[in-house]
There are 2 protein chains.
Amino acid sequence: MQLSKHDVVDVATSVLDNYGIADLSMRRLARELNVSPGALYWHFENKQQLLGAVADRILTPVGEVTGPWRDRIRQTCAQLRDALLSHTDGAELVSASFAAGQSEAMTGVLNRLGAAAGDAGVASGQAELAARSVIYYVLGFTADEQSRLQWDAAGADVAQTVWAEEPDTRFAFGLQLLIDGIAAHSHAEA
Amino acid sequence: MQLSKHDVVDVATSVLDNYGIADLSMRRLARELNVSPGALYWHFENKQQLLGAVADRILTPVGEVTGPWRDRIRQTCAQLRDALLSHTDGAELVSASFAAGQSEAMTGVLNRLGAAAGDAGVASGQAELAARSVIYYVLGFTADEQSRLQWDAAGADVAQTVWAEEPDTRFAFGLQLLIDGIAAHSHAEA
DNA sequence: ACCTGAACACCGTTCAAGT
DNA sequence: ACCTGAACACCGTTCAAGT
């Protein structure tokens, strides 16, 4: 049967979930698909592009939201974090794809957060900056959280009660700093 | 002559500066040091640990600062960003080392930012969270900035006037969001 | 159009054996 | 104590040649 982009991303995602990003190699993926490594390069220009497609797959649950700007930021970020935590090394993979400019889905998130900042009253030239700041936070926090989670899950159940109490609350706290900062920079408060 | 940790980190830093993080391999480094790859494993447990030592080298210019908490945060972050921009792929390397918990210097930065947040009036349990948020921002922003800078420097001088106007101002804006957020969370304002 | 086979130029890490 | 040599088990990418 012929290889389709969709199949490749499917299998890549399952390799990611079962073995992690370190084992998501072009060769390993090709083996899993029963094709030669070169076959992948007919469908994708390079590994970065393929990982970008996996990132967009991971981010499909992140959708449009409505309501006051604060709620839109909070919901979008919560959806983003949930999506990342739903796949092994999800935060690391999406971070890398975002940095490489290979994720269309992240561009969508960026635009929606920028629109929310705009509605908050932030000048249009600075709204994208505010949106980027929020994304840096979500990616940084979640990558950190996920590496601890995965480390703990791997048998090392050391003193996690001290650190891991209420990650949702911790996440919300840092996000609130940015939301308050955005509110402070409004020209006109809603 | 015998290999010392110091020599290894020296040469590793120069490989980083001249060829970038992708070319900073254990084998390449060993070749540059006229030693066999295995020799490096006498001095460092693994590549992560060696990169952590390079990260700490990069961060030596980031020192203690004094003054009101807002200035301390601003100065620490400015020093951090400057240090990262002084080495090819500096932000990416330090980001990875911080995430892996391999940089003592970043732990120092974290503690100093946490102390500043504490002085701002943030509850002690949340001060470290605030400090982490600031670090996620600086690392995210600077990695982004540096990848654009390096891409532009590599001949592609496309429309950078649109995006690259005043990166210092852009950096300060995002940081100000967090500082304002921290101020909003103070129990007692100074 | 889509894929194979084989090659090119690499990796990180380990470890017996040498000095 | 410190390092070599050689091996193990891999990488991403290219490209002539096949169907």
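A, B, ... follow the sequence lines: proteins, then strands. Residue 1 opens every chain.
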Does the side chain of [X] get closer than 4.0 angstrom to OP1 or OP2 of [N] through an N or O atom?
| X | N | answer |
| --- | --- | --- |
| His43(B) | dA1(D) | no |
| Ser25(B) | dC11(C) | yes |
| Trp42(B) | dC2(D) | yes |

With a 3.5 Å distance limit and no angle check, can you tell me whether [X] reaches the backbone of [Y] through a side-chain donor-acceptor pair?
| X | Y | result |
| --- | --- | --- |
| Gln146(B) | Leu84(B) | yes |
| Arg112(A) | Gly63(A) | yes |
| Ser186(B) | Ala120(B) | yes |
| Thr142(B) | Leu139(B) | no |
| Asn18(B) | Ser14(B) | yes |

Interatomic distance where [atom1] belongs to [X] and [atom2] belongs to [N] [whole Å]:
| X | N | atom1 | atom2 | answer |
| --- | --- | --- | --- | --- |
| Arg31(B) | dG12(C) | CZ | P | 10 Å |
| Leu40(A) | dC3(C) | CG | P | 10 Å |
| Leu24(B) | dC10(C) | CG | P | 15 Å |
| Leu3(B) | dA1(D) | CG | C1' | 13 Å |
| Asp23(A) | dG12(D) | CG | P | 11 Å |
| Asp7(B) | dC2(D) | CG | P | 13 Å |
| Phe44(A) | dG12(D) | CZ | C1' | 15 Å |
| Leu29(A) | dC10(D) | CG | C1' | 16 Å |

With the sugar-phosphate defined as primed atoms, P, OP1 and OP2, and the base as all remaining atoms, what B/S/- string results for nucleotides 13-19 of chain C, 5' to 3', for protein heavy atoms under 4.0 Å? BB-----

Determine whether Cys77(A) and Phe171(A) make a side-chain contact, defined as any pair of heavy atoms from C-beta on separated by less than 4.5 Å.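 Yes, close enough: below the 4.5 Å cut-off.
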
Transitive ILVMFWY side-chain link Ile58(B) to Leu85(B), under 4.5 Å: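 Cluster IDs for Ile58(B) and Leu85(B) differ.
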
Same-atom distance (P) from dA9(D) to dC8(C), integer angstrom: 23 Å

Counting Watson-Crick and G-U wobble pairs with both distances under 3.5 Å, what is the dot-bracket string for DNA chain C, 5' to 3', using [ ] for crossing pairs and | for pairs to another strand? ||.|||||...|||||.||

If every non-hydrogen atom of Trp69(A) is compared with every non-hydrogen atom of Ile179(A), which pair is closest and at what distance? CH2-O, 3.6 Å

Ring-plane angle category for Tyr136(A) and Tyr137(B), please: parallel below 30°, perpendicular beyond 60°, tilted otherwise. tilted

